[in-house]
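Remarks on the structure that follows.
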Amino acid sequence: LIIDKGARVEGAITAQDVVVRGSTKGSIKANRVRLESTAVVASDIHHASFCAEEGARIHGSLTFADDAASLTEH
């Protein structure tokens with residue numbers, strides 16, 4: 001899932017891979033999460049792999065998941 005620059009997502013996000021260039025508000029659960037420099041994230045992030053570029057803004061918590069498969073189960 002790619003949230004592009006200028007886009008805004010409000011609500012829970014569950015996906016294998018998430019790239020944020022825009023803004024989010026709500027939880028994010030994904031195996032891999034990447035926040036690019038333009039990201040504005042007001043979310044609690046549950047991840048197996050995480051990276052953020054300089055300039056990304058995060059308001060929330062980061063939680064590493066030992067069991068990556070559980071992140072995307074419905």
Side-chain angles (χ1 to χ4, degrees):
L1 172 67
I2 297 174
I3 301 164
D4 215 348
K5 189 175 178 180
R8 178 174 174 86
V9 174
E10 291 191 28
I13 297 169
T14 302
Q16 289 293 322
D17 300 308
V18 175
V19 176
V20 182
R21 299 175 184 142
S23 64
T24 66
K25 183 176 182 181
S27 66
I28 297 174
K29 291 183 179 182
N31 289 331
R32 288 181 293 277
V33 177
R34 176 181 172 86
L35 305 182
E36 296 194 356
S37 62
T38 55
V40 178
V41 177
S43 303
D44 293 328
I45 301 171
H46 303 268
H47 61 88
S49 173
F50 175 83
C51 72
E53 292 181 350
E54 185 175 346
R57 292 178 276 168
I58 306 169
H59 305 279
S61 64
L62 299 173
T63 304
F64 174 76
D66 288 323
D67 181 13
S70 70
L71 290 172
T72 56
E73 290 177 354
H74 297 282

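All residue numbers refer to positions in the sequence shown, counting from 1.
In this structure, CZ on R8 lies 8.0 Å from OG1 on T24, to the nearest 0.5 angstrom. Here the CD1 atom belonging to I28 is positioned 6.5 Å from the CG atom belonging to L35, to the nearest 0.5 angstrom. Atoms CZ and OG, on R34 and S49 in that order, are 10.5 Å from each other to the nearest 0.5 Å. To the nearest 0.5 Å, atom CD of residue E36 and atom SG of residue C51 are 8.5 Å apart. Rounding to the nearest 0.5 angstrom, the gap separating the CD1 atom in I45 from the CD1 atom in I58 is 5.5 Å. One finds the CG atom of N31 at 13.5 Å from the NE2 atom of H46 (value rounded to the nearest 0.5 Å).
There is no path of hydrophobic side-chain contacts, each under 4.5 Å, that joins F50 to F64. Linking ILVMFWY residues whenever their side-chain heavy atoms come closer than 4.5 Å, directly or via other members, leaves V20 and I2 in distinct clusters.
Looking only at distances, no side-chain donor or acceptor of T38 sits under 3.5 Å from a matching main-chain atom of G22.
Checking S61 against D44 by side-chain atom types alone, a donor-acceptor pair falls below 3.5 Å.
Counting only heavy atoms from C-beta outward, the side chains of I13 and I3 approach each other to under 4.5 Å.
Partners of D4 by side-chain contact (heavy atoms from CB on, under 4.5 Å), not counting sequence neighbours, listed by chain and number: R21. Every residue two or more places apart in sequence or in another chain that forms a side-chain hydrogen bond (donor to acceptor under 3.5 Å, both in side chains) with R32 is listed here: D17.
The heavy-atom pair separating S37 from E53 by the smallest distance is N-OE1, 2.9 Å.
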